[in-house]
Amino acid sequence: MKSFQQARWEEPLLWELSLEGRSGCLPPVDERVIREVGSVEELVPDKIRRKSSLDLPELTENMVVRHFVRLSQMTFCVDTGMYPLGSCTMKYTPKAAEAAAALPGFRDIHPLQHEDTVQGALRLMYELQQILAGIAGLPGVSLQPPAGAAGEFAGCLIIRKYFEERGEVDRRTEMLIPDSAHGTNPASAAMAGFEVVVIPSGSDGLIDLEALKATVSERTAGIMLTNPNTLGLFEKNILDITRIVHEVGGLVYYDGANLNAIMGWARPGDMGVDIMHFNLHKTFGAPHGGGGPGSGPIAVSKELEEYLPVPVVAYDEERDRYYLDYNRPKSIGKVHGFFGNFPVLVKAYVYIRLMGRGGLKRAAAHAVLASNYLARRTEVLRGLKLSHAPHLLRKHEFVLTATELKAQRGVTAGDIAKRILDFGLHAPTMYFPLIVKEALMVEPTETEPLETLDSYAEVLSQIVNEAWSSPEQVKRAPYATTVRRVDEVRAARPKTRALTWRDLKRLKEKEGSI
Amino acid sequence: MKSFQQARWEEPLLWELSLEGRSGCLPPVDERVIREVGSVEELVPDKIRRKSSLDLPELTENMVVRHFVRLSQMTFCVDTGMYPLGSCTMKYTPKAAEAAAALPGFRDIHPLQHEDTVQGALRLMYELQQILAGIAGLPGVSLQPPAGAAGEFAGCLIIRKYFEERGEVDRRTEMLIPDSAHGTNPASAAMAGFEVVVIPSGSDGLIDLEALKATVSERTAGIMLTNPNTLGLFEKNILDITRIVHEVGGLVYYDGANLNAIMGWARPGDMGVDIMHFNLHKTFGAPHGGGGPGSGPIAVSKELEEYLPVPVVAYDEERDRYYLDYNRPKSIGKVHGFFGNFPVLVKAYVYIRLMGRGGLKRAAAHAVLASNYLARRTEVLRGLKLSHAPHLLRKHEFVLTATELKAQRGVTAGDIAKRILDFGLHAPTMYFPLIVKEALMVEPTETEPLETLDSYAEVLSQIVNEAWSSPEQVKRAPYATTVRRVDEVRAARPKTRALTWRDLKRLKEKEGSI
Amino acid sequence: MAFLPNIGKAERHMLRFLGLEKLDDLFEDIPEEVRQRCCLDQVPEAVPEVVLWRYLNKLAAQNRAEPYRRFVGGGLYAHYVPAAVDFIAARTEFVTSYTPYQAEVSQGLLQALFEYQSLIAELFDMEVVNASLYDGATAVGEAIRMALRVSKRKKVIVPKLMPPHRRRVLQAYTTALDCKIVEIGYDNRGLLDLAELEQEVDDATAAVYVENPTCLGAFEEQIFEISDIAHKKDALLIAYVDPISLAIVEPPGAYDADIAVGEGQPLGLHLGFGGALLGIFACKRKYLMKMPGRLIGATVDVEGRRAFCMTLQTREQHIRRERATSNICTNESLSAITAAAYLALLGPQGLRRVCEAVLANTAYLARRLNTLPGVTAPAFEGVCYFREIPARFDGWLAREIREMCIKRGIDPGLDLGTWFEGFERILLACTTEVHQKEDLDRLVSVLAELVR
Amino acid sequence: MAFLPNIGKAERHMLRFLGLEKLDDLFEDIPEEVRQRCCLDQVPEAVPEVVLWRYLNKLAAQNRAEPYRRFVGGGLYAHYVPAAVDFIAARTEFVTSYTPYQAEVSQGLLQALFEYQSLIAELFDMEVVNASLYDGATAVGEAIRMALRVSKRKKVIVPKLMPPHRRRVLQAYTTALDCKIVEIGYDNRGLLDLAELEQEVDDATAAVYVENPTCLGAFEEQIFEISDIAHKKDALLIAYVDPISLAIVEPPGAYDADIAVGEGQPLGLHLGFGGALLGIFACKRKYLMKMPGRLIGATVDVEGRRAFCMTLQTREQHIRRERATSNICTNESLSAITAAAYLALLGPQGLRRVCEAVLANTAYLARRLNTLPGVTAPAFEGVCYFREIPARFDGWLAREIREMCIKRGIDPGLDLGTWFEGFERILLACTTEVHQKEDLDRLVSVLAELVR
Ligand SMILES: Cc1ncc(COP(=O)(O)O)c(C=O)c1O
Ligand SMILES: Cc1ncc(COP(=O)(O)O)c(C=O)c1O
């Protein structure tokens, strides 16, 4: 086992580094202009001029840079180690994608500048629309949603609009969502005004067809599902599922978060899906940015195309010119102030072009291969087991349950996760999907080398041994991280809660420093 | 005292990560071209085609990136903490300088492409020549030397040439060098064919005028000195020194490594210096790159200008055109294949323009201020003292000696240096200059905030206390670093020496892994 | 296959381990007919990086990216991004990590986000700030949804002068809600018509939403009065503000805003063709549990060291699901860190200098434009403009002016006719500190040639 | 004062602590007259970053940086630098650290340099490699100095066809030595004249220095014979080789070179107007103690963990001073790390592919050029060219051709008349894998128009 230790700098907060008079950047003020127009005091009416002091920290460039470099070293990331966070597809981002997004010609253009002056950007977007349509097997694409959840929301609004146009909106109130679904699915459906109806999974982890049949009705607006589902299992009855929903007049929404498992091998459009979103920051190698920006383009069937958010990037063949098509009277409007997270689009575009058709397909296969390999290597560990249908192939991810360890030794999935951190590896997603107790959801992705998968398995094996022989060792983990186990309760308790430097100062005055 | 721990990844060597068939980048080969011209086998005669296998590691991009990111986190740098390496001026580099050097217009131009197509680059170099001339107080500048030592060598060749032109080269064989000088000075002089004559320092750490007078003669080619010297003391008799050397017909070379102490306050040219080099990577904020690239431009008096290396960047006012002047028949030739480390020139240029005249002067003052502040705060620590003339002001650096600690407790300067590492700070330069026993040479630079200087002093104070009370604690340091104290003897011993992966493999086979 | 380490030997090993023969065997659970139909013809074959790079550069070169001859604002602004900010935003540890679910290995990210929340709290003078929403427009949508939730009322008041790109997002965010959005007109200064507002605000009013500066660039000088009008009826005041401007004008906290939102892009983010923005969301502490988005809190670890973690997650979708305060999951963390780096770098002095430069440039541009024959700038008078100046052209449509300028290599600003009926003659020009006097003079002289 | 944290309060505090009043007091040890004379008029006043950035972009835009219409080589080559290499080379930990004097906190840097040494050892098939010299030219200088030292002889043999920019460095490096440099001519293939060589190599010969490929781009096919000739007289063989080419041609170790040097720039370094190059220096183990430059060795720490450190420093100037093997101190570490990253990224397959592409492009360009009326390409026949092709123009001077091409936006290569007398009609064109067939065709068609 390799000895790992994360960096620890005990870095103060910005204000604790501040000293009056410092500044890291003083933009120029043109005296010639000031002379002509007057000073701030003359220009801004007293009434609205800021009275309170502006307590921002005062630092020089060197101090700011050092501060953030130190913070960065205390942040685990894909570029430092395996990050098998289930459902998140933490794959490697090509550095060419980063470089491309930083080209001034992409980075420094304004979304409202004249269309003639952004033809290259529009072309890239247009090409990406075409490519995504091809991968989805659905013809209409909007790149606008800035994340998966935003794609879901846009999708739900489209479903709503579709029924509105049919005069059925007041009747089609129910959105069916499997119990294994990601939380954004019900949340998005609710935001779009639907009532969430939960579809239970069968013991095999798949949607229970009978339950589904019993639930669909003329109130059904649609179903939201991801496939493979969050257990990593492919809904083999997908054609039945989509047929059942379609038969009652509902639409099928596909949560593309798990597309990495099947891209190039199966297209949602071919499964009967009417509308879907992509997570470019998962499937298409755009980085996750510590939580974002992401990008959640949607693809829809021909029938739903007219409802897409405005603008859509279009191409005028005659004039060989790309343009933003706002002239879409049935559009649901907008789900982002502009055209979505363009730099993420650039990154995904680069990723796709570098991988190519064959590469994407191979990537999906390798994601599935890695997942099954690691599943088989770890399900055998004493006290862990695969959550559902252990005989089935997994797709890109799998879920272990640690119920036995919990019952026998009091070691929870959370404890195991924390202990994993001690080995320079990131933990799996914990406690999701909600239908699995003591869940550890592992998604290795195709970019992890076999050797790392092996060491992950070995680490897990060691931890399980520890859990049986000296459970406290696991329960007190982690040890080798920047800080040791963090007190989340204290963070949430009203009395000790501190969400800003101001809060923290107040608390410090009250009860001494933290 | 802040708790610090450096990252530790136990990162394998590249070969230990390799697996057959992997590649991180496969450039294209145009089949159309191959079809026309034939394959490698057809193009390269068998006789010279490589026969031995090429045992480079096989990795993917993600693996390579992760490897080097991990290595980077195990590397202390200015952007992570105070780095008061005496004589090295480890100041902060403006990020704008890095960004400027990465502009494709600077980064991707070829030194031999047509002059008409590099006017911007030539202009920048020309401006920098002018600026450096101004700072030196010497009119002729060559930007060519790729480091300080290369500047020294070029300078010595110029001195040689100067005497050659006067027919004195066979007689002027001696280069006078103070005993406190940096090792590059004698080495460069020797490379240029001079015999090194050491000038002893007086008890006040300054050049002993009497000794100097006794040494100069008609054999004296010149003197090489830095001022302030490596003890951080200004040679207050500098005008006498230069006069004495000039009187016997010798030239004065100024090692600009310590220019950060006086820039804007005094110019070498005004001290009687005939020729000097700059260390752009020290004084002018260019980064040190883990050991280089640096840049060591030289400046010379009017008299020596014709000997400068070729080409010099010149400006044709009439045609408003910059050009490379190779037409300099008395030039010493070249000390670099092209024009020196251009990207470093760009960085230094940016630094100088951002700081401006006033900023440079203030920077020097603050470097001196920080040095004296820290000197005064640490010389009082029991067992440490200032090396020479404790009553004198220091300039940008100062040298402590730990002889007492060594004598009393066996704790050496090296031990203290190692222990400093445990606090997230870099050690001073150790055992230099050679004239100070148990030397710790501290150069805080102007870019360290007062708060950091204070904590440096506190850390040193704690260490000194430890040294007295529990010397082993210090002698076994460091503890919080990626690895603990490294066995340098083993590295050097022929039997255990491993300078390459091949060596290491051989050793491993012999005696088990390291 | 630069990103697939398990080709060849490793692939074979793993397949063998699983008792499989080929990669296809991994997909047997997909219905045959679905697999057969799958075709990737619309995806091009792989391109080597060197070739793709050239193509990307070609595309990039087809965009006009320099800000010096562009005077376009409309909610996003070309401020100078210091190199140190780009440097920090590019640290791969921030770029390639995800939501800090494991606090112990993500302290750096968490601290940076905590600092972001803290910096915005200072700048806005508000009690709590979340760790980012997608952008300013969706922040408005969330704010109004939250106000409706909090107040349990159904009417929302917004200015008629609200840019359509933001207004349409708001529309989408409220599509499914049983609420009424009432638009309030503007007075002859382009500010909110107070009389109309007084009339509309009633006991059913959930919130009054106001923009400051207005989308025409004017500071809303009546902001204190508006706040009073709203609060008199217990309606919430939602203020959409420009973060940069808060170095010189009163922050939302000063006029007792209940929720304050804004677009954080000006704080060190590149325009990015309108992407990777930063939805700022702040509110009063009393609404904490109702607010959307992620929150980072300070705490300690088991050894008593200061530490940070995500907190109050019970508001969020992964726990509360359909009853969550929002569906947001992936947010704009990297943008938040970038903004934190920008604010830390500039500090109060630097930020104030940006404001000074912007104010001065704006005033200067207005003056110069106003000297042109048939041009009135600002088109609405008597208020203080920040960055943007509406200029009315008597003899021309703004669209025509813009087209003619584009031909001369200059983008003079937005044609407000595309935003508001009746504004067809108004051009909205925009300037920041990146423009030097000469740039403004050039714009004016190009326009002078056109209108003379 | 973005980089000076101790202004204001801190400055006052420190001055007070030192009992001083003002900054000037810190410089009282400088003679009054020197201080008085100091004037910084030639240094401009500070410029804000936003303004300077604009100026820098203007300067950068005045340089033609795209490689597609440039066919210039001469020792540095525009290979494609993968983005991952740039990324690694920009890690600030590598950029802002210095020589790893404290091994314990510099393990990453040390390991990277050790890997560089190891990679070059494999590529060159040589026993020891130092951690970099300034560039290929100074590496030649050092190699020849070392050979003179090792052999205690005084004659050095070099090819007449050696680019002046390298030749002049060699000249400078040997200026002060009592040695004789003899130039050997070339045969009708442009390769070393073996007969002449045989004649010149004698018992006084310290070293035979040979370039492979030659500076005209041809592989030195007689390299084994040359090695024999040198070794027969116990002269050292010094080979200057192109690192990229070693994926397909015999490495210096194969022909028993005693010292092998080269320019490492093609290994992932940008051209940088010829800066931040990489002097590769390798030799036989028996010469270890005589070699210049820094060396990194593997070892263990007190706990037995693998560790790295600088070693055999007694050869270096900071210890051995005037008797050091070289004066080099600051070297090109970052370039070495960059090259290591490049080699690790491409691996044997990738590197071979680069070679294939280069070889093919070179051969293709030669063929096409040769079809032009009055053009002979290669100007010397019968050997294999790599990247560079000398093309002779019957009716034109190379200088004229180049000037005409420049006017058409293309830089066709070097005018060899500036290098060698009698080569005035020879243009040295250069291509790498960044050129696509269309680029080569364009060059040829531009030339075709000129010479027709
Ligand atoms: C299965 C699933 N669906 C939806 C989402 C939501 O995507 P985003 O975070 O981009 O909004 C996620 C992301 O975590 C997910 O894992
Ligand atoms: C005083 C002094 N002189 C000369 C040099 C040599 O400079 P460089 O390392 O750039 O060759 C140094 C650098 O370490 C130095 O400190």
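Order of the sequence lines fixes the chain letters, A, B, ..., with proteins taken first and strands second; residue numbering starts at 1 for each chain.
The greatest number of non-hydrogen atom pairs below 4.5 Å with chain C, out of G333(A), P293(A), G290(A), is found for G290(A).
When atom types are taken as modelled, the side chain of Q111(C) and the backbone of E11(A) share a donor-acceptor pair closer than 3.5 angstrom. Side-chain N or O atoms of N341(A) include one that pairs as donor or acceptor with a backbone N or O of A276(C) at under 3.5 Å. Of the possible polar contacts, none joining the R107(A) side chain to the F273(C) backbone as a donor-acceptor pair under 3.5 Å is found. With D411(C) contributing its side chain and H114(A) its backbone, the two residues share a donor-acceptor pair below 3.5 Å.
The parts of N372(A) that come within reach of chain C are both its backbone and its side chain, each placing non-hydrogen atoms under 4.5 angstrom from that chain. Using a 4.5 Å cut-off between heavy atoms, N331(C) contacts chain A through both its backbone and its side chain.
Smallest separation of non-hydrogen atoms from A498(A) and F114(C): O-CE1, 3.3 Å. The shortest non-hydrogen separation linking L346(C) to S23(A) is O-OG, 3.3 Å.
Annotation: F338(A) is in aromatic contact with H165(C) [ring centroid separation under 6.0 Å]. The aromatic ring centres of Y98(C) and Y83(A) sit 6.0 Å or more apart.
Using a cutoff of 4.0 Å between basic side-chain nitrogens and carboxylate oxygens, E250(C) and R49(A) are not scored as salt-bridged. Electrostatic pairing of K51(A) and D125(C) does not count as a salt bridge here, judged by no charged N lying under 4.0 Å from a carboxylate O.
One distance of note links CG of D55(A) with CG of L119(C); it measures 9.5 Å at 0.5 Å rounding.
Under 3.5 Å, the side chains of Q171(C) and K334(A) contain no donor-acceptor pair of N or O atoms.
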